[in-house]
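Have a look at the structure below before the remarks.
First the proteins, then the strands, lettered A, B, ... as listed; each starts at 1.
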Amino acid sequence: MGTLPSISEWIPVRKNGLVQSKHIIRSTSVPRYNPAEIEPRWQRFWEKNKSFHTPDRVDGEKFYVLDMFPYPSGDGLHVGHPEGYTATDILARFKRMNGAAVLHPMGFDAFGLPAEEHAIKHNIPPRQSTEKNIANFLRQLKMLGFSYDWDRQISTTDVEYFRWTQWIFLQLYDTWFDESLQKGRPISELPIPADVEAQGVDATREYQDSHRLAFEADALVNWCPALGTVLANEEVVDGLSERGSHPVQRIPLRQWMLRITAYADRLEHDLEQVDWPEGIKKLQRDWIGRSTGAEVDFYAGDGVHFGNWFANRSQSGLPRKLESNVLRVYTTRPDTLYGATYMVIAPEHPLVTQLTTTAQSAAVEAYCQAASSKSDRERQEDKKQKTGVFTGSYAINPVNKQPIPIWIADYVLISYGTGAIMAVPAHDIRDFEFAKQFDLPIVAVVQPSPKAKDIDHSAVLAGKSCFAGKGTAINSGPYDGLATEAFKEKIIAELTQQGIGRAAVNYKLRDWLFSRQRFWGEPFPILHELDETGKPNGKKRAVPESMLPVDLPHLDDYKPHGRPEPPLAKAPKEWLYPVIDGVRYRRETNTMPQWAGSCWYYLRFIDPRNSQQMIDPELEKRWMPVDLYIGGAEHAVLHLLYARFWHKVLFDRGVVSTIEPFKRLVNQGMILGDMEFTGYRDSNEHWISSEFVMEDENHQFVQATDRSSVQAVKLEPDQVEKAGDRFHLKSDPSIRIDSRAHKMSKARGNVVNPDEIVADYGADALRLYEMFMGPLEASKPWSMTGVNGVRNFLDRVWRMIIDDRQDNIALNEAIVDREPDDDQIHILHKTIKAVTQDIENLSFNTAIARYMEFVNFFTKQVHRPKSIMQQFILLLAPMAPHIAEELWHTMGNPNSLALEKWPAYEEALTVEASVEIPIQIQGKIRAKVNVNRGLSEVELEKIALADERIAEFLVGKTVRKIIIVPDRMVNIVAN
RNA sequence: GGCGGUGUGGCGGAAUGGCAGACGCGCUUGAUUCAAAAUCAAGUAUCUUCGGAUGUGCUGGUUCGACUCCAGUCACCGCUACCA
């Protein structure tokens with residue numbers, strides 16, 4: 001190797017365990033472990049040989065393992081991404097080696113705001129920047145050696161992909177929900193009431209339109225002028241847009257909605273069938289927020305006519321269309337009807353004007369005006385102080401016939417229930433606060449159980465304290481003495497009979513606001529018919545399937561203009577005004593939200609290039625459901641709920657065969673930045689102990705005492721010291737120091753870039769480290785020295801097999817072709833068993849610990865049997881595939897190990913012949929003995945009592961009892 | 001306020017109710033080296049009168065035996081926020 005530079009000049013210096021040089025250069029012919037050389041080589045090999053091609057046939061077990069596909073941002077991959085991706089990759093490789101047919105695809109969720117913002121800022125079409133970002137993501141993903149079947153790669157922005165997103169939208173448009181069957185059915189099967197039919201074709205069409213799962217409605221929407229779009233409730237955080245934190249206003253606008261509420265019950269119920277973390281299921285249940293109770297009608301017209309109205313109702317029952325002088329409320333506590341001392345309607349309630357008396361009109365108008373201009377955030381800030389205004393009108397409580405005042409307040413939401421409530425201040429905390437505020441009467445009608453502690457019973461009965469629990473009815477006329485549940489049942493039955501109420505179910509879940517006023521999203525395949533003057537006449541139709549996809553037109557200008565008119569309205573005339581069968585239309589110019597594409601991508605992966613169908617039903621049956629789905633908990637509710645909703649509609653329409661798409665779900669935890677110590681100093685550079693520092697509203701650090709600002713200072717580990725469970729300054733122990741790991745963020749400057757880790761340590765080291773950090777589901781701090789640790793382990797694996805002191809690659813002289821001894825066989829089988837079970841349980845950190853134990857053992861062995869080394873390499877392959885392939889190859893195997901058979905173990909060989917047994921007295925270990933495995937209780941007892949030390953301890957004591965767990969321990973109870 | 005999660009060495013973390021701290025990082029000592037780095041070996045919870053004693057956020061309980069189960073409590077993290 002004479003011409004090569006000596007190694008020492010080229011190998012970077014590792015100081016304090018960390019790579020100091022950014023650029024590791026290693027000679028390629030020197031047989032050191034060199035991931036920079038072997039990793040790209042094996043990646044090319046896999047790609048060229050299509051090693052991870054999805055099998056066309058599934059004979060035995062199938063395994064569909066899926067990652068939540070990423071949004072390809074301009075920043076590239078974050079270290080959080082490879083965590084879940086490595087976990088699924090390990091499973092995919094493991095299952096392949098176990099003979100399963102594996103589907104393991106990857107793609108990109110590439111529609112969305114950032115690309116469009118970028119387009120506007122740099123005047124580059126979004127498609128162009130998206131493609132660039134995807135290329136970068138692809139490079140990064142491939143550099144990590146994931147075994148995806150790249151032939152199945154899709155992006156939601158591919159025209160051939162969103163063609164089918166549009167197709168699914170048309171299925172939603174063509175479907176109505178049959179309540180009695182709890183099933184979505186074709187709109188052509190919707191029964192049309194005779195009176196509607198009698199009104200003609202247009203009325204029938206309107207009736208149909210109002211029943212479709214995809215429908216247009218006037219909605220109070222979250223309009224964000226800065227982003228130039230309407231946002232879903234979920235995309236608004238604290239009254240600001242989730243993305244960019246711009247203010248959001250509520251304005252009424254005609255929008256496309258998806259009737260997800262129709263599926264609320266099924267979405268909730270079917271959670272029972274999936275293997276998901278209980279926490280996520282609960283989040284979904286809470287989000288759906290099913291509650292049961294009653295709707296009750298309150299007469300709010302002229303008091304003299306109440307008697308007539310009431311009598312009529314018991315004849316006619318609940319009317320199909322509510323009279324204009326009746327307020328309908330929803331309550332979960334119809335048993336508290338006697339305690340309803342006033343009513344509240346939302347500021348947006350349709351009866352506001354009608355119910356407002358002349359005397360109150362100025363105050364009411366001012367209040368409603370203020371409420372509408374208030375963002376949700378501002379409303380929240382007032383939360384402690386309830387606001388409201390009296391309408392001047394009264395309604396009549398139908399049970400006790402008392403007139404009660406009707407108020408308007410923004411603590412009642414127009415979007416939930418009926419937008420009106422009966423207020424029972426004695427038993428609802430919000431009503432109680434409001435009643436206190438405005439001095440409204442409080443009448444207790446539920447007596448808490450006398451057994452209930454922590455309740456001031458007399459205060460509750462006096463209306464001085466609020467009690468929201470269950471109890472016994474009082475002040476409730478004929479119902480006095482009834483328990484809450486029995487009361488509810490009884491009164492609902494009676495209200496129903498009287499025609500003034502009925503049982504009702506409500507959901508927190510709202511219909512899904514599905515349109516966005518942006519360019520970079522799927523166009524709606526909907527056409528609005530134009531009249532002779534070129535104006536929409538209100539009729540609309542679906543784009544015929546044969547004319548899909550509806551591609552995005554080219555625009556010269558993507559900028560939003562601050563009005564809720566979508567950018568597509570500026571599209572060229574040829575695109576905007578198609579003519580079909582001689583009829584001129586205007587295209588729908590809204591686009592779909594980013595969620596749309598991710599709602600069904602798991603289906604397209606099964607049949608990604610099908611130009612005839614969204615998915616071949618045979619393939620769908622073969623691969624669905626997704627067996628394991630791994631992703632971040634941030635998608636716990638929305639993505640998973642939306643995808644499940646679409647899936648159920650597709651199921652109803654016969655497109656898919658399973659009722660749930662994702663059988664098993666696992667959330668990987670968040671990866672935080674490296675542990676940091678933070679001290680604080682005031683403006684005079686004096687240290688301030690951290691318990692006196694707080695964060696103010698603007699996230700600035702201030703002194704708790706006088707709110708003067710303090711400076712956060714990052715400290716080195718050797719400047720701090722631990723005492724008890726706190727850290728303090730070494731130089732001044734009275735100064736407490738904050739120690740914790742923070743979420744990675746550009747602002748904090750603690751973001752770790754996978755490119756750098758791969759360059760410095762290799763992809764296998766990155767993969768292994770991310771799995772070794774801790775349990776997959778836990779959030780855990782990054783540590784550079786930890787990465788270095790697993791890299792050292794890989795170096796040790798390499799040296800266990802390769803002789804790195806030779807000039808050329810050669811096996812370590814300890815590698816021999818001979819029969820292993822008993823200890824070696826035992827270690828091997830123990831390792832196989834542990835690693836196999838750990839991988840199956842997704843407990844990768846402990847599996848890696850088992851690898852390390854194996855390597856620690858065998859590097860001390862003078863003879864390392866080849867057969868055993870080969871088995872170990874196979875065990876290592878799912879986690880660190882590149883080094884495993886290289887070692888496998890070096891040991892003389894011509895083929896990739898990707899489809900080699902996973903090592904098997906023999907149970908009998910996993911245990912040692914002898915076992916050390918602790919002998920306890922009163923639960924404290926007093927001695928240990930080495931005995932043969934499998935001794936009986938009698939034998940163990942004999943051995944324990946015969947032990948010298950034990951005998952010593954038992955002097956003067958009586959043995960009361962001896963507990964023996966064979967092969968584990970002996971506990972002697974004596975006194 | 002509500003819901004969920006987590007508390008174990010200097011750090012990340014292991015432990016079917018049965019030897020707490022596997023494995024790794026860091027640190028200490030030694031070998032090797034002209035010297036580093038790398039490597040290899042040994043050690044590394046606390047206190048100790050060297051017999052032991054004490055230790056899994058805290059207080060109780062169940063048990064022969066509790067990091068593990070139960071009740072209460074504190075702290076931190078995450079999500080959520082007037083849903084009648």
Side-chain angles (χ1 to χ4, degrees), chain A residues 7-8 11-17 20 238 277-280 282-283 286-287 289 291 293 329-333 336 344 376 379-380 382-383 386 409-413 415-418 420-424 428-431 433-434 468 506-510 633-634 636-637 669-670 672 674-675 717 720-722 725 727 739-741 743 769 772-775 777-790 792-793 795-796 799 804 843 845-846 848-853 856 859-860 916-925 928 960-963 965 968-974:
Chain A
I7 296 167
S8 62
I11 302 298
V13 177
R14 291 200 203 180
K15 232 181 200 166
N16 300 327
Q20 299 292 301
D238 286 345
E278 275 310 313
I280 300 291
K282 187 170 188 323
L283 275 176
D286 289 351
W287 190 265
S291 74
V329 303
Y330 170 73
T331 177
T332 54
R333 294 292 300 268
T336 60
V344 186
D376 280 1
R379 286 195 187 189
Q380 263 186 40
D382 301 337
K383 210 167 82 180
K386 292 242 180 318
D410 64 5
Y411 83 91
V412 171
L413 310 173
S415 51
Y416 184 77
T418 60
I421 62 156
M422 61 176 213
V424 185
D428 180 286
I429 187 72
R430 298 151 300 184
D431 297 344
E433 284 168 8
F434 190 82
N506 250 299
Y507 302 94
K508 283 205 248 184
L509 182 71
R510 311 293 151 85
E634 66 273 20
V637 177
M670 205 191 328
L672 306 170
D674 222 330
M675 237 284 261
V720 301
E721 203 166 52
K722 193 170 186 181
D725 53 359
F727 283 89
S739 78
R740 75 180 192 99
K743 202 165 157 172
Y769 174 64
F772 189 57
M773 291 170 83
E777 300 190 63
S779 65
K780 42 219 169 242
W782 184 269
S783 154
M784 276 304 175
T785 53
V787 186
N788 198 61
V790 293
N792 281 343
F793 162 71
D795 279 320
R796 283 159 57 75
R799 290 195 305 269
D804 67 344
S843 176
N845 55 330
T846 51
I848 294 166
R850 301 290 92 83
Y851 293 150
M852 289 171 169
E853 285 173 346
N856 288 346
T859 45
K860 289 193 182 92
E916 193 182 47
I917 302 241
I919 303 171
Q920 306 175 340
I921 295 176
Q922 312 293 78
K924 286 188 197 305
I925 295 158
K928 289 178 183 183
R960 303 283 174 196
K961 196 173 171 186
I962 301 180
I963 291 118
V965 183
R968 290 221 87 120
M969 48 74 59
V970 175
N971 189 11
I972 301 170
V973 185

Test your reading of the model: is there a side-chain donor-acceptor pair from A:Tyr769 to the backbone of A:Trp782, 3.5 Å cut-off?
no
Rounded to whole Å, how long is the line connecting atom NZ of A:Lys508 with atom C1' of B:A84?
11 Å
Which nucleotide wins on minimum distance to the side chain of A:Lys282, given the candidates B:A84, B:G4, B:C25?
B:G4
Determine the interatomic distance between C1' on B:U56 and the same-named atom on B:G1; round to the nearest Å.
32 Å
Roughly how far apart, to the nearest Å, are B:U63 and B:G57 at atom C1'?
23 Å
Let me know the distance between CE of A:Met784 and P of B:C25, rounded to the nearest Å.
16 Å
Could you check how far CD1 of A:Ile848 sits from C1' of B:C25, rounded to whole Å?
14 Å
Can you measure A:Met670 atom CE to B:C77 atom P for me and round it to whole angstrom units?
12 Å
Between the protein and nucleotides 13-17 of chain B, which nitrogen or oxygen pairs are less than 3.5 angstrom apart?
{"from": "B:G13", "atom 1": "O3'", "to": "A:Asn845", "atom 2": "ND2", "distance (Å)": "3.4"}
{"from": "B:A14", "atom 1": "OP1", "to": "A:Asn845", "atom 2": "ND2", "distance (Å)": "3.2"}

Under the side chain to side chain contact (heavy atoms under 4.5 Å, CB included) test, residues paired with A:Ser415 that sit two or more places apart
A:Leu413, A:Arg510
Which part of the nucleic acid, if any, lies within reach of A:Ser783 when heavy atoms closer than 4.0 Å are counted: base, sugar-phosphate only, or nothing?
nothing
Could you pull out all residues at least two apart from A:Lys961 that satisfy side chain to side chain contact (heavy atoms under 4.5 Å, CB included)?
A:Ile963, A:Val973
Sugar-phosphate only, base, or nothing, as touched by A:Glu634 at under 4.0 Å among non-hydrogen atoms
nothing
Base-pair string, RNA chain B, Watson-Crick plus G-U, cut-off 3.5 Å on both distances, | for inter-strand, is (((((((..(((.....[....)))((((((.......))))))(((....)))..(((((..]....))))))))))))....
Atom-to-atom span, CG of A:Leu672 to C1' of B:C77 - whole angstrom:
9 Å
Distance-only donor-acceptor test (3.5 Å): side chain A:Lys928, base B:C19:
yes
For A:Thr846, check side-chain hydrogen bond (donor to acceptor under 3.5 Å, both in side chains) against everything at least two apart and list the hits.
A:Asp838, A:Ser843
Polar-atom pairs under 3.5 Å, protein N or O versus N or O of nucleotides 59-65 of chain B: list them with distances, or write none.
{"from": "B:C64", "atom 1": "O2'", "to": "A:Asn971", "atom 2": "ND2", "distance (Å)": "3.4"}
{"from": "B:C64", "atom 1": "O2", "to": "A:Asn971", "atom 2": "ND2", "distance (Å)": "2.5"}

Taken in chain and number order and not counting sequence neighbours, the residues that satisfy side chain to side chain contact (heavy atoms under 4.5 Å, CB included) with A:Arg333 are A:Thr331, A:Asp335, A:Thr336, A:Val446, A:Thr484, A:Lys488
State the syn/anti category of B:G61 according to its glycosidic angle, syn meaning within 90° of 0.
anti
If every non-hydrogen atom of A:Ala423 is compared with every non-hydrogen atom of A:Val344, which pair is closest and at what distance?
CB-CG2, 4.4 Å
Check whether any side-chain heavy atom of A:Asn845 lies under 4.5 Å from a side-chain heavy atom of A:Ile848, and answer yes or no.
no
Collect all protein-nucleotide pairs involving nucleotides 40-50 of chain B in which both atoms are nitrogen or oxygen and the distance is under 3.5 Å.
{"from": "B:C40", "atom 1": "OP1", "to": "A:Arg796", "atom 2": "NH1", "distance (Å)": "2.9"}

With side-chain contact (heavy atoms from CB on, under 4.5 Å) as the criterion, how do A:Ile421 and A:Tyr416 come out once you've worked through the C-alpha distance, each side chain's angles and the decisive distance to 0.1 Å?
CA-CA 10 Å; A:Ile421 62 156; A:Tyr416 184 77; over 6 Å; no
Using atom CG of A:Asn788 as one end and atom P of B:A37 as the other, report the distance to the nearest whole Å.
14 Å
Roughly how far apart, to the nearest Å, are B:A15 and B:G26 at atom P?
23 Å
To the nearest 0.5 Å, what is the distance between CG on A:Asp431 and NZ on A:Lys386?
8.5 Å
Among B:C19, B:A84, B:C3, which is the nearest nucleotide to the side chain of A:Ile925?
B:C19
If the P atom of B:G9 is compared with that of B:A22, how far apart are they to the nearest Å?
13 Å
Partners passing side-chain hydrogen bond (donor to acceptor under 3.5 Å, both in side chains) against A:Arg799 (at least two apart in sequence or in another chain):
none
Want to settle it: does A:Gly786 or A:Met675 sit nearer the 5' end of RNA chain B, counting the closest nucleotide to each?
A:Met675
Assign B:G51 to syn or anti; the rule is syn for a glycosidic angle within 90° of 0 and anti otherwise.
syn
Taking atom CG of A:Asn788 and atom CG of A:Asp795, what is their separation to the nearest 0.5 Å?
9.0 Å
Whole-angstrom distance between B:G72 and B:A53, as gauged at atom C1'
29 Å
Ignoring backbone atoms, establish whether A:Ser291 has a side-chain N or O less than 4.0 Å from OP1 or OP2 of B:A84.
yes
For A:Thr332, enumerate each residue passing the side-chain hydrogen bond (donor to acceptor under 3.5 Å, both in side chains) test, keeping only those at least two apart in sequence or located in another chain.
none
Could you give the CD-to-P distance, from A:Glu433 to B:A84, as a whole number of Å?
16 Å
Report yes if at least one side-chain N or O of A:Lys924 is closer than 4.0 Å to OP1 or OP2 of B:U54; otherwise report no.
yes
A:Arg968: which residues meet the side chain to side chain contact (heavy atoms under 4.5 Å, CB included) condition with it, sequence neighbours left out?
A:Val965
Rounding to a whole Å, what distance do you find between A:Leu283:CG and B:U80:C1'?
9 Å
Rounded to the nearest 0.5 angstrom, the CD1-NZ distance for A:Ile919 and A:Lys928 is 11.0 Å
By side-chain hydrogen bond (donor to acceptor under 3.5 Å, both in side chains), A:Asp286 pairs with (sequence neighbours left out) A:Lys282
